[in-house]
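All remarks here apply to the structure that follows.
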Amino acid sequence: MLTARGQYAVARVCAVVGLSRSSYYHARRDGDERELRRAVEAIAQEFPTYGSRRVTAQLRRAPYSL
């Protein structure tokens, strides 16, 4: 794939800039993560022995459903 109006390959541009191609194609998520952070903290306080996988599973359940 070419970029810069078809003059340079994406791989070449990324190499020059020092950026990985996956970072070039990565879709940036603009958004507020405060609600997610509050939900994770609430779960962690309620279930202090839960690890990341169980917290994630809990987030997918009601009332969080994130």
Side-chain angles (χ1 to χ4, degrees):
M1 176 172 196
L2 298 176
T3 188
R5 298 192 186 158
Q7 294 179 353
Y8 303 103
V10 171
R12 172 72 80 170
V13 172
C14 289
V16 170
V17 177
L19 183 71
S20 67
R21 286 188 333 209
S22 62
S23 295
Y24 174 82
Y25 289 110
H26 179 73
R28 185 171 176 207
R29 282 189 259 166
D30 290 330
D32 192 12
E33 295 183 353
R34 281 184 261 167
E35 183 181 346
L36 176 61
R37 181 178 293 272
R38 280 192 288 260
V40 170
E41 289 173 353
I43 292 169
Q45 286 179 351
E46 186 176 352
F47 305 103
T49 60
Y50 276 17
S52 62
R53 291 180 185 186
R54 290 177 92 180
V55 169
T56 301
Q58 195 70 23
L59 282 171
R60 291 187 176 133
R61 295 186 184 130
Y64 307 108
S65 301
L66 299 176

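A side chain to side chain contact (heavy atoms under 4.5 Å, CB included) with Arg37 holds for exactly one of Glu41, Glu33, Glu35, Arg34; it is Glu41.
Between the CZ atom of Arg54 and the OG1 atom of Thr49 there is a distance of 6.0 Å, given to the nearest 0.5 Å. Considering CD of Gln58 and OH of Tyr50, their distance stands at 5.0 Å, rounded to 0.5 Å. Between the OG1 atom in Thr56 and the CZ atom in Arg61 there is a gap of 11.0 Å [rounded to 0.5 Å].
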Practice item. Take Val13 and Tyr24, measure what side chain to side chain contact (heavy atoms under 4.5 Å, CB included) needs, and give me the verdict at the end. Key: CA-CA 10 Å; Val13 172; Tyr24 174 82; 5.8 Å; no
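Closest of all the heavy-atom pairs between Cys14 and Ser20 is SG-O, 4.1 Å.
Note on Val10: it does not cluster hydrophobically with Val16, by side-chain heavy-atom contacts below 4.5 Å among ILVMFWY residues.
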